[in-house]
A.B. asks: 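What follows is a structure written as structure tokens; I'll ask about it next.
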There are 2 protein chains.
Amino acid sequence: MEVTIGKGEARATREKVNSHFSDGKKTFNCPITNVLDRISDKWSIHAIITLGKADKLRFNELMKSIHGISQRMLTVTLRNLEQDGIVTRKIFPEIPPRVEYQLTDLGRSLLFQLIQLSEWATSNMDEIFAAREKFGNTNSSLPGR
Amino acid sequence: MEVTIGKGEARATREKVNSHFSDGKKTFNCPITNVLDRISDKWSIHAIITLGKADKLRFNELMKSIHGISQRMLTVTLRNLEQDGIVTRKIFPEIPPRVEYQLTDLGRSLLFQLIQLSEWATSNMDEIFAAREKFGNTNSSLPGR
DNA sequence: CCGTATCCCGACGGATACTG
DNA sequence: CAGTATCCGTCGGGATACGG
């Protein structure tokens with residue numbers, strides 16, 4: 001068992017959560033709805049982490065690095081991230097054209113959070129797969145989404 | 001500016017990312033694709049954090065706490081979380097029936113990550129809204145998804 | 001090379017009605 | 001109370017073709 005949060009810490013954790021979400025106003029203008037839903041699409045996390053691995057990347061380099069993404073979705077994803085101030089888009093007026101994408105400071109601070117999340121996912125993947133199989137279902141990997 | 005990662009730390013961060021993602025096998029059996037995509041749906045994060053706030057919750061209590069969720073989607077979301085070993089579902093054979101949902105240890109360790117993410121979102125929401133407006137678009141809050 | 005413009009399908013998820 | 005069952009609209013996102 002990889003989980004390190006003991007039974008006794010459950011209450012403390014709950015209090016910590018409450019202290020950050022009990023405000024009615026914040027619930028209305030919800031950070032999850034307004035911010036996290038934006039990066040919960042199919043490709044944003046991949047794009048951010050890929051950019052985090054390499055500093056600057058060109059469009060085609062991103063295409064090759066993010067396995068399975070289409071040209072259209074890469075464009076859409078990058079535009080959203082740019083709009084949210086998470087990546088910058090620098091155009092070099094050359095022929096053939098070159099465009100470099102790079103995380104902003106804001107983007108890198110988000111990257112830091114996503115790394116944590118990914119590490120969690122990596123550490124607990126086996127346990128989750130086991131749980132899925134135990135549940136009675138067949139194919140545990142490659143869920144439809 | 002809320003961002004605390006300095007320019008000089010960018011390289012160090014990149015190395016840290018690489019050390020966790022450079023393995024070809026892990027990229028193939030990708031933790032993001034296999035685990036995070038699962039909780040990237042419309043309601044999972046809300047459900048997990050809501051359960052984190054209250055220890056045990058009944059079905060209707062979750063309905064009331066998660067603003068806007070439908071009966072169907074709450075059921076679907078909880079089943080997925082249960083299947084992944086993130087929540088437990090305890091049925092009390094009474095009349096009227098009672099069902100209590102609670103985070104598992106695995107769920108609470110995930111909750112911890114999601115809190116961090118939410119805190120990030122809360123801290124940087126203003127900056128993101130500002131970036132969205134600056135981009136030239138109108139409504140910055142309440143994106144369609 | 002780096003996109004945009006269309007077309008289109010499949011799923012996500014809401015609304016509603018019904019059951020143990 | 002805690003769900004299922006069904007219907008159905010919306011839109012995320014893939015494939016393809018074209019443009020600067």
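This structure is a prediction, so every number in the text was calculated from the model and none was measured.
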A.B. asks: When the distance from CD1 of A:Ile69 to P of C:dC2 is rounded to whole Å, what number comes out?
C.D. replies: 14 Å
A.B. asks: Search all heavy atoms of B:Ile45 against all heavy atoms of B:Ile39 and return the closest pair with its distance.
C.D. replies: CG1-O, 3.6 Å
A.B. asks: Five pairs at each end of the helix from C:dC1-D:dG20 to C:dG20-D:dC1: take the axis at both ends and give me the angle between them to 10°.
C.D. replies: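 Both end axes considered, the difference amounts to 50°.
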A.B. asks: Work out which heavy atom in A:Pro31 is nearest to a heavy atom in B:Thr122; give both atom names and the distance.
C.D. replies: CG-OG1, 3.4 Å
A.B. asks: The criterion is side chain to side chain donor-acceptor pair (under 3.5 Å); which residues satisfy it with A:Trp120, sequence neighbours excluded?
C.D. replies: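 Partners of A:Trp120 under the side chain to side chain donor-acceptor pair (under 3.5 Å) test: A:Asn124, B:Ser109.
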A.B. asks: Enumerate the residue pairs fulfilling side chain to side chain donor-acceptor pair (under 3.5 Å) with a member in residues 85-100 of chain B, sequence neighbours excluded, ordered by first and then second residue.
C.D. replies: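 Pairs touching residues 85-100 of chain B that pass the test: B:Arg89-B:Tyr101, B:Glu94-B:Arg98, B:Arg98-B:Glu100.
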A.B. asks: Could you tell me the separation between the CG atom of B:Asp41 and the P atom of D:dC11, rounded to a whole number of Å?
C.D. replies: 18 Å
A.B. asks: Quick one: which of D:dA2, C:dC2, C:dG14 gets closest to the side chain of B:Lys42?
C.D. replies: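 Minimum distance to the B:Lys42 side chain belongs to C:dG14.
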A.B. asks: Which parts of residues 70-79 of chain A get close to DNA chain C, meaning a heavy atom less than 4.0 angstrom away?
C.D. replies: A:Gln71, A:Arg72, A:Thr75, A:Arg79
A.B. asks: Only counting residues at least two apart or in another chain, list the ones meeting side chain to side chain donor-acceptor pair (under 3.5 Å) with B:Thr50.
C.D. replies: none
A.B. asks: Between B:Tyr101 and D:dG3, is there a contact of a side-chain N or O with OP1 or OP2 at under 4.0 Å?
C.D. replies: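 It does, given that an N or O in the side chain of B:Tyr101 lies less than 4.0 Å from OP1 or OP2 of D:dG3.
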A.B. asks: Expressed as a whole number of angstroms, how long is the span from A:Asn60:CG to C:dG3:P?
C.D. replies: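 Computing the A:Asn60:CG to C:dG3:P distance gives 9 Å.
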A.B. asks: Over how many whole Å does the gap from B:Glu82 atom CD to D:dA2 atom C1' extend?
C.D. replies: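 Distance, rounded to whole Å: 14 Å.
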A.B. asks: Show every salt bridge (charged side-chain N to carboxylate O under 4.0 Å, His left out) that has at least one partner inside residues 73-85 of chain A, sequence neighbours left out.
C.D. replies: A:Arg38-A:Asp84, A:Asp84-B:Arg132
A.B. asks: Only counting residues at least two apart or in another chain, list the ones meeting side-chain contact (heavy atoms from CB on, under 4.5 Å) with A:Ala131.
C.D. replies: none
A.B. asks: Applying ring pair (Phe, Tyr, Trp, His ring centres under 6.0 Å), which residue pairs with at least one partner in residues 39-61 of chain B are found, sequence neighbours left out?
C.D. replies: B:Trp43-B:His46
A.B. asks: Could you state the atom-to-atom distance from CG of A:Asp37 to P of D:dC11 in whole Å?
C.D. replies: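 Whole-Å distance recorded here is 15 Å.
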A.B. asks: Enter the distance from B:Lys42:NZ to A:Ile32:CD1 here, rounded to the nearest 0.5 Å.
C.D. replies: 14.0 Å
A.B. asks: Could you list the donor-acceptor pairs under 3.5 angstrom formed between side-chain atoms of residues 66-77 of chain A and any protein atom two or more places apart in sequence or on another chain?
C.D. replies:
| unit_1 | atom_1 | unit_2 | atom_2 | d |
| --- | --- | --- | --- | --- |
| A:Ser70 | OG | A:Met73 | N | 3.2 |
| A:Thr75 | OG1 | A:Gln71 | O | 3.0 |
| A:Thr77 | OG1 | A:Met73 | O | 2.6 |

A.B. asks: To check you understand the geometry: which heavy-atom pair defines the closest contact between B:Leu110 and B:Ile48, and what is its length?
C.D. replies: CD2-CD1, 3.7 Å
A.B. asks: Nearest whole Å is fine: how far is C:dG3 C1' from A:Asn80 CG?
C.D. replies: 16 Å
A.B. asks: Contact list please: residues 87-100 of chain B against DNA chain D, heavy atoms, distance less than 4.0 Å, in numerical order.
C.D. replies: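 Of all residues in residues 87-100 of chain B, the ones placing a heavy atom under 4.0 Å from DNA chain D are B:Arg89, B:Pro96, B:Pro97, B:Arg98, B:Val99.
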